[in-house]
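Here's the structure, in structure tokens; my notes come after.
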Amino acid sequence: LALSESSFLFLNTYGSLYSLNKSTARINWFLNLNQSLNLDGSSLFDSKEIIIHKKKIIISTNPFLFILDSDNGAILSKIPIRSIIRPIVSGQNIFLITENNLLVCLNINTGKINYSFNIGNKIAEFLNTKKKSINIKFLSLVNENLFIFLDNSYVVKFYTNGSIKKIDKLPVNMKTSPIFINDSILYLDKKNKLIILN
């Protein structure tokens with residue numbers, strides 16, 4: 001469920017997306033995003049949270065990323081790429097991470113890829129070490145920088161152009177996704193203790 005200026009958006013487990021008018025509760029438009037014709041339990045629709053950016057709707061599914069017109073549901077772009085976490089929108093760009101740890105930046109208006117690279121390779125180049133396997137937990141946008149949180153407590157901070165700004169280590173591992181307030185990061189550790197980093 002998502003909320004735009006004038007409507008509710010509802011995506012069910014079978015890939016049916018509905019736009020409902022907030023005032024009248026009538027259906028504005030309907031779109032089926034599911035590629036499968038089989039509606040048994042094995043074909044349930046897999047997607048990330050709906051993102052609404054200005055007059056566009058972004059939905060990351062398996063196996064496509066859809067960019068839709070929020071007024072009429074028209075498909076503006078259908079890109080054969082899947083994000084393992086909720087994509088992030090900043091300005092004209094969509095940032096996402098694929099199953100093989102590629103950081104991808106797409107233009108929201110054209111659907112064209114601005115850049116795509118392996119995050120593990122970038123980290124190894126930055127540290128001048130051999131590439132190691134990484135597991136990504138969260139992706140956040142903070143002060144126009146991309147923060148990629150790894151499961152080993154490291155945070156890789158990227159400029160939006162794709163170059164690494166800094167790599168930091170958190171004092172304790174994260175259990176929950178981070179919350180950013182002013183210049184502080186808040187999260188719960190594995191013992192449900194609130195951690196506040198300035």
Side-chain angles (χ1 to χ4, degrees), residues 1-7 9-11 15-19 28-36 45-126 131 133-150 155-167 177 180:
L1 184 66
L3 182 64
S4 69
E5 289 180 11
S6 60
S7 61
L9 294 170
F10 175 74
L11 180 64
S16 299
L17 178 65
Y18 297 86
S19 171
N28 297 322
W29 50 263
F30 157 83
L31 183 65
N32 184 10
L33 300 175
N34 197 343
Q35 304 299 303
S36 174
F45 189 69
D46 180 24
S47 73
K48 302 300 175 200
E49 295 171 49
I50 297 172
I51 301 168
I52 300 171
H53 181 73
K54 297 182 179 176
K55 292 286 189 176
K56 292 184 173 65
I57 301 166
I58 299 101
I59 303 176
S60 176
T61 74
N62 187 10
F64 295 104
L65 178 80
F66 290 94
I67 302 173
L68 311 172
D69 184 311
S70 63
D71 289 333
N72 55 28
I75 297 175
L76 304 175
S77 295
K78 179 181 175 184
I79 306 156
I81 192 168
R82 178 176 179 258
S83 183
I84 59 170
I85 54 179
R86 184 180 187 266
I88 288 178
V89 180
S90 176
Q92 303 302 312
N93 296 319
I94 303 172
F95 299 95
L96 57 89
I97 297 174
T98 67
E99 289 175 303
N100 50 355
N101 290 333
L102 295 180
L103 175 61
V104 180
C105 174
L106 298 160
N107 183 289
I108 196 170
N109 296 316
T110 65
K112 302 290 184 186
I113 294 177
N114 296 327
Y115 62 76
S116 172
F117 57 78
N118 185 282
I119 298 166
N121 289 342
K122 276 280 189 181
I123 293 171
E125 289 171 15
F126 184 79
K131 179 184 173 183
S133 63
I134 60 169
N135 291 310
I136 295 165
K137 293 183 77 168
F138 307 107
L139 172 65
S140 300
L141 183 71
V142 184
N143 297 326
E144 297 305 311
N145 294 309
L146 294 168
F147 282 34
I148 297 178
F149 294 86
L150 307 180
V155 184
V156 187
K157 301 174 182 179
F158 283 89
Y159 294 106
T160 52
N161 67 7
S163 61
I164 293 180
K165 177 180 181 180
K166 192 177 181 184
I167 298 177
S177 59
F180 301 91

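As the structure is a prediction and not an experimental result, all values here were calculated from the model.
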What heavy-atom pair brings [X] and [Y] nearest, and what distance separates the two atoms?
| X | Y | result |
| --- | --- | --- |
| Lys165 | Asn145 | NZ-ND2, 3.2 Å |
| Phe95 | Cys105 | CE2-SG, 3.6 Å |
| Asn32 | Gly15 | OD1-O, 3.4 Å |
| Ile134 | Gly120 | CD1-N, 3.8 Å |
| Ser116 | Leu102 | OG-CD1, 3.8 Å |
| Ile79 | Gly111 | CD1-O, 3.7 Å |

How long is the span from the [atom1] atom in [X] to the [atom2] atom in [Y], to the nearest 0.5 Å?
| X | Y | atom1 | atom2 | result |
| --- | --- | --- | --- | --- |
| Ile119 | Asn100 | CD1 | CG | 9.5 Å |
| Asn118 | Leu103 | CG | CG | 10.0 Å |
| Leu31 | Ile57 | CG | CD1 | 9.0 Å |
| Asn114 | Gln92 | CG | CD | 10.0 Å |
| Tyr115 | Asn93 | OH | CG | 7.0 Å |
| Ser70 | Ile50 | OG | CD1 | 12.0 Å |

Look at the aromatic rings of Phe147 and Phe180 and report parallel, tilted or perpendicular, splitting at 30° and 60°.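 Geometry flag for Phe180 against Phe147: perpendicular rings.
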Classify the ring geometry between Phe30 and Tyr18 as parallel (under 30°), tilted (30 to 60°) or perpendicular (over 60°). tilted
Would you say that Asp46 contacts Arg82 through its side chain, given a criterion of any heavy-atom pair below 4.5 Å between the two side chains?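 Result yes, sub-4.5 Å side-chain heavy-atom pair found.
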Answer yes or no: is there a side-chain heavy-atom contact under 4.5 Å between Ile123 and Leu150? yes
Using the salt bridge (Lys or Arg N to Asp or Glu O under 4.0 Å) criterion, which residues pair with Glu49? Sequence neighbours excluded.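 Expected list: Arg86.
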Hey, which of Asp71, Ile94, Leu76, Leu68 is the one that makes side-chain contact (heavy atoms from CB on, under 4.5 Å) with Lys56? Leu76
Checking the side chain of [X] only, and the main-chain atoms of [Y] only, is there a donor and an acceptor separated by less than 3.5 Å?
| X | Y | value |
| --- | --- | --- |
| Trp29 | Leu17 | no |
| Ser60 | Ser83 | yes |
| Lys55 | Asp69 | no |

Report the C-alpha separation of Ile85 and Phe138 in whole Å, then their side-chain angles, then the decisive distance to 0.1 Å, and conclude whether the side-chain contact (heavy atoms from CB on, under 4.5 Å) test is met. CA-CA 7 Å; Ile85 54 179; Phe138 307 107; over 6 Å; no
Taking it one step at a time, do Ile136 and Leu139 satisfy side-chain contact (heavy atoms from CB on, under 4.5 Å)? CA-CA 8 Å; Ile136 295 165; Leu139 172 65; 5.7 Å; no
Does any donor atom in the side chain of Glu144 or Ser90 lie under 3.5 Å from an acceptor atom in the other side chain?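 Side chains of Glu144 and Ser90: pair found under 3.5 Å.
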